[in-house]
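One structure is given here, and the rest of the page talks about it.
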Amino acid sequence: MDPKVSEVIDDLKSCLEYLRAMGIEALPFPSPSKSTLKAVRSEMGDCRRCKLHRTRRTLVFGEGNEKAILMLVGEGPGYEEDVQGRPFVGKAGQLLTKILQSVRLEREEVYIANIVKCRPPQNRNPESEEISACRPFLLKQVQVIQPKIICALGTFAAQSLLQTSEKISVLRGRVFDLHGVRVIPTYHPAFLLRNPERKREVWEDMKRIAKWLREFSASAYSAGDGS
Ligand code: SF4
């Protein structure tokens, strides 16, 4: 054996003996690499798992902070989103940005996605098979991001995430638990464009979310501070 290799092995042995003497019996293995949003996107590829692929221009995956504490989940891309490949960039998206800003949140801080990633033709409602086909990818996005709060925007997002058939008018403003993530359904910004008198309720929900975010940040700070 090469004397240098033998020297390294001897060093390693003495190091392990030293660790054993210190009471350390096993070395930790690095945990299996955590998935990433890039990996989820690449798993989707040129997705054809439901018929929405036939009419889409772009698969709108989602965007924002991969480590966001707050995730916003909408229904599906509209015309502008399909053209630009980004979620919530049309009129409803502009309203969502304003709603976030009204509670001092910027889009870059949160993660925004939809339950179906391809535009339903003529903005029709997504069908249950389409939602079921796309749901695993939304759940994978949630697994990667590990948000503390999900705001479900509108009926389809709330029903799909919570696996319920209750209407948004019943679900709105209530708080649910999804595997440890706090889920709060509220009205979709597109609904608010048609029903501006309901904005106040969404604003109340957003103020609640902003308060939770401040509490999470404060507890993370005190944990990091050691106090
Ligand atoms: S909506 Fe989802 S499941 Fe259907 S084709 Fe698009 S990415 Fe695939």
Side-chain angles (χ1 to χ4, degrees), residues 33-68 70-97 107-108 110-147 149-168 171 176 178-179 181 183-193:
S33 61
K34 191 173 161 282
S35 186
T36 59
L37 290 176
K38 206 170 157 193
V40 179
R41 178 64 190 87
S42 108
E43 186 189 339
M44 293 179 87
D46 180 30
C47 185
R48 290 160 187 238
R49 291 167 179 85
C50 80
K51 62 180 180 296
L52 291 182
H53 81 272
R54 293 193 208 123
T55 45
R56 74 169 177 232
R57 193 176 308 196
T58 327
L59 189 158
V60 183
F61 181 67
E63 69 177 24
N65 180 357
E66 186 157 347
K67 294 182 178 164
L70 170 63
M71 193 168 167
L72 295 136
V73 177
E75 182 177 312
Y79 175 82
E80 273 305 322
E81 290 77 14
D82 186 43
V83 169
Q84 296 189 37
R86 297 178 55 209
F88 281 93
V89 286
K91 281 188 180 163
Q94 287 159 20
L95 177 57
L96 179 65
T97 305
R107 279 179 70 115
E108 297 71 31
V110 303
Y111 193 87
I112 306 177
N114 285 304
I115 51 161
V116 291
K117 315 295 189 206
C118 304
R119 182 190 179 208
Q122 281 80 49
N123 293 349
R124 65 157 169 78
N125 292 337
E127 295 171 1
S128 56
E129 311 84 71
E130 295 157 358
I131 294 172
S132 303
C134 218
R135 191 170 185 271
F137 296 109
L138 175 64
L139 296 182
K140 284 181 186 187
Q141 287 174 302
V142 173
Q143 263 171 13
V144 170
I145 296 164
Q146 298 187 345
I149 307 161
I150 296 177
C151 180
L153 301 165
T155 301
F156 292 96
Q159 290 183 344
S160 167
L161 281 165
L162 301 171
Q163 297 286 277
T164 175
S165 53
E166 294 273 23
K167 290 179 182 167
I168 187 67
L171 300 169
F176 300 84
L178 180 73
H179 308 302
V181 182
V183 177
I184 178 163
T186 195
Y187 296 123
H188 193 285
F191 172 81
L192 296 182
L193 289 172

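Not measured: the values here are computed from a predicted model. Starting from 1, each residue takes its place in the sequence as its number. Both ligands and their constituent atoms are indexed starting at 1 by order of listing.
Regarding atom 5 (S) of ligand 1, its nearest protein heavy-atom neighbour is C47 O, 3.6 Å. Scanning all protein heavy atoms for the shortest distance to atom 6 (Fe) of ligand 1 gives C118 SG, 2.3 Å. In terms of protein heavy-atom proximity, atom 4 (Fe) of ligand 1 is closest to C50 SG, 2.3 Å.
In this structure, N114 contributes its side chain and V116 its backbone to no donor-acceptor pair below 3.5 Å. Within the 3.5 Å criterion, the main-chain N or O of E81 finds no donor-acceptor partner in the side chain of R119. Within the 3.5 Å criterion, the main-chain N or O of F61 finds a donor-acceptor partner in the side chain of Q141.
Shown in contact with C134 at under 4.0 Å from a heavy atom are these atoms of ligand 1, numbered in order with element: 1 (S), 2 (Fe), 3 (S), 7 (S). Taking every non-hydrogen atom of R56 and a distance limit under 4.0 Å, the qualifying atoms of ligand 1 come out as 5 (S), 6 (Fe). Close approach of ligand 1 to H53 is summarised as follows: ligand atoms under 4.0 Å from at least one heavy atom of the residue are 5 (S). Annotation for ligand 1: atoms under 4.0 Å from non-hydrogen atoms of M44 are 7 (S). Heavy-atom proximity to L59, at under 4.0 Å, picks out these atoms of ligand 1: 7 (S). Heavy-atom proximity to K117, at under 4.0 Å, picks out these atoms of ligand 1: 1 (S), 7 (S).
Proximity of K51 to ligand 1 is not established, as no heavy-atom distance is less than 4.0 Å.
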